[in-house]
Every structure is written in C-alpha cells, then in structure tokens.
Number of protein chains: 2
Amino acid sequence: MRRALAERPLPSADDHAARFARQREADRTATAEDYVELIADLLREEGEARAVDLARRMGVSQATVTATIGRLQRDGLVETKPYRGLFLTEEGGRLAAAAKARHDLVVRFLLALGLDHETAEADAEGVEHHVSEKALKAFARFLADRETPGR
Amino acid sequence: MRRALAERPLPSADDHAARFARQREADRTATAEDYVELIADLLREEGEARAVDLARRMGVSQATVTATIGRLQRDGLVETKPYRGLFLTEEGGRLAAAAKARHDLVVRFLLALGLDHETAEADAEGVEHHVSEKALKAFARFLADRETPGR
DNA sequence: TCCAAAATTTAGCCTAGGCTAAGTATTGTC
DNA sequence: GACAATACTTAGCCTAGGCTAAATTTTGGA
C-alpha cells in the first residue's frame, strides 16, 4: 500500500506560472554566475583568468567566451585587459562570492548525504542555481545538526 | 576558526569542462521534461491538455507554446489534435513518468528537510533537472532512514 | 444556422549561447 | 629585433525560447 502522498492537485495557474517564471529567471543568471565564479577561482588559484582558460574549463570555443564576456562587460560584472586577463568589477566580485558560498554549501550538503566528491561537485554545478534561500538555510541546518552528535 | 574544508584545488580542465557539458545537456532537456510532465498532469487531473492551458500554467504566450510543441512533436514526444488537445507518445509518456517520479522524490525530500510546501514545489521545479541518479538515491535513502525511527 | 468567442497558427522580431573559419594583435624567445 | 606561437576578435551561421500582432480555424450557444 503506497504511502499517502497527498496526491497533490495542480496549483493555480498563476502560482504554477510563477514557479516557471522563477525558473527561467534562474536560467538567465546561471551563465553569468558560472563565469564570474570561475574567473574568481582562476584569479585566486592561478593568479590570472585568461579567456583561453575559461574556454577550456567551460568546454566551449574561444569565440563563445568572447561573446559571453562581452555580455558580462555590458552588464558591469567583468573587465577585460586583452592579453592580460579578465577581472571582476566590484559587483562581479560580490556575485562570484555569493555563488561560491552557495556552491560550497551545496557541495558540503551533498557530501554529507553520502555522495562521492566528483558527483557532489558535478551536481552542485547545476543545483546551486536553482535552490532558494530557504533551501540553503535548510541545508545549513542539516549540516549543523549533523555536527552536533548529542541532542 | 573556519572548519577546514579541504580548500579544493581546481579540477582538471577536462573534468571541469565535462561538468559544464553535463549541465548544458540538462538545460537542453529541461524544457521538454517540463512540458511533458505538465501535459501528463493535465491529462490526469483535468482529462485533457490544451495548448492554451499550457500557456497559462507555464506563463508564456500561446505562440511560444505552439513553437515548443512543434519541437516536441518533431522529437516524437507529443501528438496534437488541434482543438482537441495534446497527447503524449509512448516515449513522451515514459519521459513524463520519469520526470514526475523525480519531481515527487525531490519534493518529498525538501519537505523532509523542513521546507514549506510552496517552496519545496518551486525549488523542485528547478532541482529535478539537475540532480544525478546518485543524488536521487541518496535522497531516497535519507527518506527511508528517517521513516525508520529506531536504529 | 450563424456568428462571436475562443483556440490555434503564422509572421516577424529579439536575445542568449553555441559553432567554425578566418582574421588580427601580442608576446616571448632565439 | 624578428617572427612563430599564442591569444583574442570578427564574421557568419545555427537552435532554443521568448515576444506581439495578425490571421485562421473551430466550437458552441442563441
């Protein structure tokens, strides 16, 4: 006998549409977050972030990176000094820091659930853009509870 | 003093690129999954799935739905009988069932973590397309453990 | 039956994000 | 100091997914 899952009726059309709209919004910002996060990582770990390295690490052509960086520049997140590398604006830096914090929290949470490292990292890449603040808080709470063995 | 998080070095460029490639792949299939899942829900709950209702529930224009349904038809997932509604092919039905199973599991998991119903549903909408089978298994394990209070 | 309302499609436009191929510019090394 | 290798940009193309406005069906009720 199947656990009664409160066979959910459909939400109102408006609520339903709002969920999808939030979804599309998240999709739109995901690329920007991935780029600034990677640029920040490269700056921190390698001392510089070159377009050619972004292309390699994102698995896209250099032409695609040029175009995407153009949009990020237009949006005030990134600055470029050709042949010198890419840099984050203040706003870009803030976005990267927030993205990294989210990313790391999701990874820690998935590891705590028992996932192997590579899967946790790979899944976090997708999940980090689609979880609400409330979910992130719940993840953090889970991790905190878990590190407090006694009650 | 910050918990030592094994300040992860960057993955190899190839591994990194593979993660992003998987990500882009998931993005490509997300729309199809959302549509067939919604069509299946409408067929089950309302007896029919009309393009106009999809437009309302997805929060997009009817023209967008026409175009998207065209792609789903081309891909063998959906059939249309104009003014009679939309139907799923066998493959479309399988995809919808898989998507719904994933969706429901994610919702149950998020509820178990303490999220309210609306947030769980909204977050699931995004998360369901980006979690691996391994993560889903971990979610299921968590739910199972939780329902077995004793050890 | 007729005809207005509702559903659907078409046309034409746009952006993001992919690609390849072919430039152009810079650097670093000999 | 020249020049090959490397980095970057440009041009031109493509698909998915959005939009509005304007047809075009089709349905259902008076």
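Chain A is the first sequence line, chain B the second, and so forth, proteins listed ahead of strands; every chain is numbered from 1. Fair warning: this is a prediction, and the values are worked out from it, not measured in the lab.
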Exercise. Starting from C1' on C:dG17, measure out to CG on A:Asp75 and report it in whole angstrom.
Key: 14 Å
Practice problem: Can you tell me the distance, in whole Å, between the CD atom of A:Gln73 and the P atom of D:dC8? | Solution: 13 Å
Check residues 70-83 of chain A and write down every donor-acceptor pair under 3.5 Å in which the side-chain atom is one partner and the other belongs to a residue at least two apart or another chain.
residue	atom	partner	partner atom	Å
A:Arg71	NH2	A:Thr68	OG1	3.3

Exercise. Decide yes or no for B:Leu86 and B:Leu42: does some side-chain heavy atom of the first lie under 4.5 Å from some side-chain heavy atom of the second?
Key: no
Quiz item: How close do A:Glu128 and A:Ala99 get, heavy atom to heavy atom, and via which atoms?
Solution: OE1-O, 3.4 Å
Quiz prompt | Phosphate-side-chain proximity, B:Thr66 and C:dT9, N/O vs OP1/OP2 below 4.0 Å | solution = yes
Self-check item: Selection residues 131-140 of chain B - residue pairs positive for salt bridge (Lys or Arg N to Asp or Glu O under 4.0 Å), sequence neighbours left out
Solution: A:Asp116-B:Lys134
Quiz item: Going by number, which of residues 49-60 of chain B have a non-hydrogen atom under 4.0 Å from DNA chain D?
Solution: B:Gly59, B:Val60
Acceptor/donor pairs from residues 14-22 of chain B side chains to any protein atom, 3.5 angstrom cut, sequence neighbours excluded:
residue	atom	partner	partner atom	Å
B:His16	ND1	A:Arg57	NE	3.0
B:Arg19	NE	A:Glu118	OE2	3.3
B:Arg19	NH2	A:Glu118	OE1	3.1

Exercise. Find the distance B:Ile69:CD1 to D:dA16:P and express it as a whole number of Å.
Key: 14 Å
Quiz prompt | For DNA chain D, the residues among residues 18-34 of chain A that have a non-hydrogen atom under 4.0 Å from it | solution = A:Arg24
Self-check item: Qualifying ring-ring contact (aromatic ring centres under 6.0 Å, His included) pairs with a residue from residues 22-69 of chain A, counting only residues at least two apart or across chains
Solution: none
Practice problem: Report the residue from B:Asp27, B:Asp34, B:Thr29 that forms a side chain to side chain donor-acceptor pair (under 3.5 Å) with B:His129. | Solution: B:Asp34
Quiz prompt | Residues forming a side-chain hydrogen bond (donor to acceptor under 3.5 Å, both in side chains) with A:Arg24, sequence neighbours excluded | solution = none
Exercise. Figure out the NZ/P separation between B:Lys81 and C:dT8, and round it to whole Å.
Key: 14 Å
Practice problem: Linking directly or through intermediates, with side-chain heavy atoms under 4.5 Å: list the remaining ILVMFWY members grouped with B:Val52, chain and number order. | Solution: none
Quiz prompt | Fellow cluster residues of B:Phe109, listed by chain then number, with links counted only when side-chain atoms sit under 4.5 Å apart | solution = A:Leu105, A:Val106, A:Phe109, A:Leu110, A:Leu113, A:Leu115, A:Val127, A:Val131, A:Leu136, A:Phe139, A:Phe142, A:Leu143, B:Leu105, B:Val106, B:Leu110, B:Leu113, B:Leu115, B:Val127, B:Val131, B:Leu136, B:Phe139, B:Phe142, B:Leu143
Practice problem: Rounded to the nearest angstrom, tell me the gap between atom CG in A:Leu77 and atom P in C:dA16. | Solution: 13 Å
Exercise. Output all residues satisfying ring-ring contact (aromatic ring centres under 6.0 Å, His included) with A:His130, sequence neighbours left out; order by chain, then residue number.
Key: B:His130
Quiz item: Checking salt bridge (charged side-chain N to carboxylate O under 4.0 Å, His left out) for the pair B:Arg94/B:Glu91: CA distance, chi angles, key distance, verdict?
Solution: CA-CA 5 Å; B:Arg94 275 195 299 272; B:Glu91 189 186 346; 5.4 Å; no
Quiz item: Would you call B:Asp104-B:Arg108 a salt bridge at under 4.0 Å N-O?
Solution: no
Can you check nucleotides 20-23 of chain C for protein contacts, nitrogen or oxygen pairs under 3.5 Å, and list what you find?
none

What protein N or O atoms touch nucleotides 22-30 of chain D N or O atoms at under 3.5 angstrom, if any, and at what distances?
residue	atom	partner	partner atom	Å
D:dT25	O2	B:Tyr83	OH	2.7

